[in-house]
Amino acid sequence: MKNVMKKITACLLMAVMVLSVLGNGAEASAASLTAKQYLSKMQSATKKLKSYEITQTSTTSYSAMGQTMTTKQTTKQTIFQNPVKVKSVSISKVGNQSSKSVIYMKEESDGKIYMYSSTDGSEYEKTDVTDIYAAGSELNVQQYSSAKIVKKSVKVNNINTVQIAAKVTGDDMAKMMEALGLDEETTEALNLDFTKFKPIKATIYVDKKTYRPVKTVLDAKDFYNSMMESMGSGSYLTYTTGKITTGKITTTYKNYNKAANFSLPESCR
């Protein structure tokens, strides 16, 4: 079960990175761009970057039996794309309790990409994510359904952006997880049928000048609830009748091609 959870963790991490626009896309040159064309240009612009930094804030509230528990997680990532080198530091808070996790990803000279994860910052667990990362890099804007322009011009972080609304359906997520290598045996072990999950709602703000991403907001409340219902109906986990009342992931971007360099700890080498 430990190896299963490690694989799921790696796949979910890559899925979030993909939905935060790590991927490829076809160039578009229309004078009046559609939402899909903006997303394609955004992914092309992102792929060309040498480095950038993101801050991701996740808020999840779970209510059951008259009580509400809120988990807030702030993740700061530094991403270098060629060769791959990623540093991800997350701080999670539940009530008065807090925890820290650190993840590094690095492409070695032989082309292999390894993920090093730690909860104490001293001992790291090593996982080969070469195939998962390669699959994630091949995913594109087709992962978004029903993309449409909401506002043609809106200021975000003092940048003139276009606001796009889209969805990631259960079928979209199932295809993504399959592409990332999450096989049927693994999903069956946890009773995960992504095709039955409700969609993740995405709001994406794209710089109208550079086509780089400025901000993305994922509303995954309905997705989380349908996932809990699916897992709760199996033999692995049993949930109460509680519900997720908030499930939001907000990502902002900065320091394009100017990300702060870093070295991996000795224990990761």
Side-chain angles (χ1 to χ4, degrees), residues 15-61 70-81 86-91 93 139-169 172 199-224 245-260:
V16 172
M17 292 175 72
V18 168
L19 294 179
S20 297
V21 295
L22 273 179
N24 60 7
E27 196 68 45
S29 58
S32 181
L33 299 176
T34 65
K36 280 285 189 179
Q37 287 172 326
Y38 265 113
L39 292 176
S40 288
K41 278 183 168 287
M42 177 185 67
Q43 290 188 309
S44 293
T46 304
K47 188 179 181 182
K48 293 174 183 177
L49 293 171
K50 295 179 180 179
S51 66
Y52 57 100
E53 298 174 5
I54 70 174
T55 298
Q56 193 169 84
T57 303
S58 173
T59 302
T60 306
S61 295
T70 298
T71 301
K72 293 185 177 180
Q73 178 174 287
T74 300
T75 301
K76 294 184 180 295
Q77 281 191 341
T78 303
I79 299 167
F80 288 82
Q81 298 203 105
V86 178
K87 178 182 179 181
S88 179
V89 179
S90 298
I91 304 293
K93 294 184 179 181
L139 294 173
N140 55 43
V141 296
Q142 297 306 318
Q143 306 310 314
Y144 288 111
S145 300
S146 306
K148 63 180 181 180
I149 295 175
V150 177
K151 293 183 180 180
K152 293 184 177 180
S153 184
V154 56
K155 286 280 188 180
V156 177
N157 299 335
N158 294 319
I159 298 173
N160 192 25
T161 73
V162 59
Q163 179 183 344
I164 296 170
K167 293 180 180 179
V168 183
T169 67
D172 295 332
I200 297 173
K201 301 172 185 176
T203 304
I204 306 142
Y205 299 89
V206 183
D207 188 324
K208 295 186 70 173
K209 182 178 180 180
T210 65
Y211 303 110
R212 294 170 179 171
V214 176
K215 180 180 178 181
T216 62
V217 181
L218 304 179
D219 183 351
K221 180 186 71 173
D222 294 339
F223 177 85
Y224 289 157
T245 56
T246 303
K248 183 173 291 187
I249 303 171
T250 301
T251 306
T252 56
Y253 306 77
K254 66 177 184 178
N255 293 341
Y256 291 113
N257 294 326
K258 297 179 181 178

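No experiment lies behind these values; they were computed from the predicted model shown.
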- Distance from Lys221 atom NZ to Asp219 atom CG, nearest 0.5 Å? 6.5 Å
- Query: Rounded to the nearest 0.5 Å, how far apart are OH of Tyr52 and OG1 of Thr46?
  - Reply: 6.0 Å
- Task: Mind listing the closest non-hydrogen atom pair of Asp207 and Lys209 along with its distance?
- Result: OD1-N, 2.8 Å
- Note on the structure: Heavy-atom closest pair (Ala259 atom, Ser51 atom, distance to 0.1 Å) is N-OG, 3.3 Å
- Query: What distance do Asp222 atom CG and Ile200 atom CD1 have between them, rounded to the nearest 0.5 Å?
  - Reply: 10.5 Å
- Note on the structure: NZ (Lys248) and OG (Ser61) are apart, to the nearest 0.5 Å, by 11.0 Å
- Under the criterion side chain to side chain contact (heavy atoms under 4.5 Å, CB included), which of Ile91, Thr59, Thr60 is the partner of Lys72? Thr59
- NZ (Lys148) and CD (Gln163) are apart, to the nearest 0.5 Å, by 10.5 Å
- Query: Are more than 12 heavy atoms from other residues, nucleotides or ligands located less than 6.0 Å from atom NZ of Lys208?
  - Reply: yes
- Message: Tell me whether the NZ or CZ atom of Arg212 lies within the 45° cone about the ring axis of Tyr256 and under 6.0 Å from its centre.
- Response: yes
- Item | Partners meeting side-chain contact (heavy atoms from CB on, under 4.5 Å) with Ser90 (sequence neighbours left out) | Gln73, Thr75, Ser88, Ser101
- What's the spacing between Lys48 NZ and Thr210 OG1 if we round to 0.5 Å? 11.5 Å
- If only atom types and distance count, is the side chain of Thr252 paired as donor or acceptor with the main-chain N or O of Lys215 below 3.5 Å? no
- Heavy-atom side-chain contact between Asn160 and Ser153 under 4.5 Å: yes
- Query: Which heavy atom of Ile149 sits nearest a heavy atom of Leu33, and at what distance?
  - Reply: CD1-O, 3.5 Å
- Would you say Leu49 and Gln81 make side-chain contact, with heavy atoms under 4.5 Å? yes
- Partner of Thr216 by side chain to side chain contact (heavy atoms under 4.5 Å, CB included), out of Thr203, Ile204, Ile164: Ile204
- Those residues at least two apart in sequence (or on a different chain) that pass side-chain contact (heavy atoms from CB on, under 4.5 Å) with Lys254 are Glu53
- Smallest heavy-atom separation, Ala45 atom then Tyr211 atom, equals CB-O, 3.9 Å
- Query: Would you say Ile249 and Gln56 make side-chain contact, with heavy atoms under 4.5 Å?
  - Reply: yes
- Message: Do Thr70 and Thr246 have side chains that approach each other closer than 4.5 Å (heavy atoms only, starting at C-beta)?
- Response: no
- Check ring-ring contact (aromatic ring centres under 6.0 Å, His included) between Tyr205 and all other residues, then give those that pass, not counting sequence neighbours. none
